[in-house]
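Just so it is clear, the structure is predicted and the values come from calculations on it, not from any experiment. Residue numbers begin at 1 in each chain, while the letters A, B, ... track the order of the sequences.
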Amino acid sequence: MDQQLKTDFPVDWVDDNYVSRRDLFKFLTLVSGALAVGSAGMAFVGRSDRETLNFDRQLIGKVSDLPVGASQTFTYPRQEDLCLLIHLSQGQFVAYSRRCTHLSCPVDYQAQNNRIFCPCHNGAFNEETGAVLQGPPRRPLPKIVLEVRGDEIYATGVTTRSEIEL
Amino acid sequence: MITPDDHHREHQLTIFVALILFSLLLILIQMWLCFGVVENLIAGKPAMAIPAAVVSLICFCVQLWMFIGIARIDRQV
């Protein structure tokens, strides 16, 4: 019976396990191709990440209600998206997501230290750019695009990742 | 006794081993680029993603070119 099988299917283990150099190179080329495709995919993701997402214009505060050095919270674009509006200097307003990019703790503005501070793990962000100054966060705070019209301040979009270099 | 055929085969084997090592080096470079890009993307710096992708594609083209060469040598043997 065994002899009959061997005659019918004459495949030897050595032949079966044999990997030709062409097969080995084919495998290495496929791995290389997969890595190249992965890199191209990440480049595409990186490009699209830089875009500003536009949402409906929303009134978030009034210039007269916010003195220089003060901040106020608001929600944008959804009710659960907490944000922070800061009056840096005369007429210069910035707004960021209030969610720390480390573990989503709410951040607060510290006017005396010129920074936005996360009390959970002592993370700090630049008040003008949202870039990371210290602590475990690695990404800058998402920036809210603002439009000041007379006495009214509007939010018009969110920049998910700014091209801020530390 | 070493015949010219043996000598030729040994020569080809040396070239093949060199190509394999070079190929592995290219793959290591591609992996290093991939990890670098992931790290930078997480850190919010996508600027290096496109140059890394270009270098990775060049590595792949070199790899493909070597594979075609190996296939041609195999066909001749």
Fill in the blank from the handout: Those residues at least two apart in sequence (or on a different chain) that pass salt bridge (Lys or Arg N to Asp or Glu O under 4.0 Å) with A:R78 are A:E80, A:D81
Exercise for the section: Just jot down the salt bridge (Lys or Arg N to Asp or Glu O under 4.0 Å) partners of A:D65, sequence neighbours excluded, or say none. Expected result: none
Exercise for the section: Measure across B:L19 and A:F25 and return the closest heavy-atom pair with its distance rounded to 0.1 Å. Expected result: O-CZ, 3.8 Å
Exercise for the section: Of all the heavy-atom pairs spanning B:C34 and A:S39, show the shortest one and how long it is. Expected result: SG-OG, 3.5 Å
Enter the distance from [X]:[atom1] to [Y]:[atom2] here, rounded to the nearest 0.5 Å.
{"X": "B:L64", "Y": "A:L28", "atom1": "CG", "atom2": "CG", "answer": "12.5 Å"}
{"X": "A:T29", "Y": "B:W65", "atom1": "OG1", "atom2": "CH2", "answer": "12.5 Å"}
{"X": "A:R138", "Y": "B:N40", "atom1": "CZ", "atom2": "CG", "answer": "8.0 Å"}
{"X": "A:L35", "Y": "B:L28", "atom1": "CG", "atom2": "CG", "answer": "10.0 Å"}

Practice task
Decide if atom CD of A:Q79 counts as having more than 12 heavy atoms of other residues, nucleotides or ligands within a radius under 6.0 Å.
Solution key: no
Would a single hydrophobic cluster contain both [Y] and [X], if residues Ile, Leu, Val, Met, Phe, Trp and Tyr are joined by side-chain heavy-atom contacts under 4.5 Å?
{"X": "B:I70", "Y": "A:L24", "answer": "yes"}
{"X": "A:Y154", "Y": "A:F74", "answer": "no"}
{"X": "B:M66", "Y": "B:M31", "answer": "yes"}
{"X": "A:V94", "Y": "A:Y109", "answer": "yes"}

Exercise for the section: Name the region of B:V38, side chain, backbone, both or neither, that has any atom closer than 4.5 Å to a heavy atom of chain A. Expected result: both
Practice task
Against chain A, work out which of B:L26, B:I20, B:L24 has the most heavy-atom pairs shorter than 4.5 Å and name it.
Solution key: B:I20
Practice task
Please determine, by modelled atom types, if A:S32 and B:Q30 share a side-chain donor-acceptor pair under 3.5 angstrom.
Solution key: yes
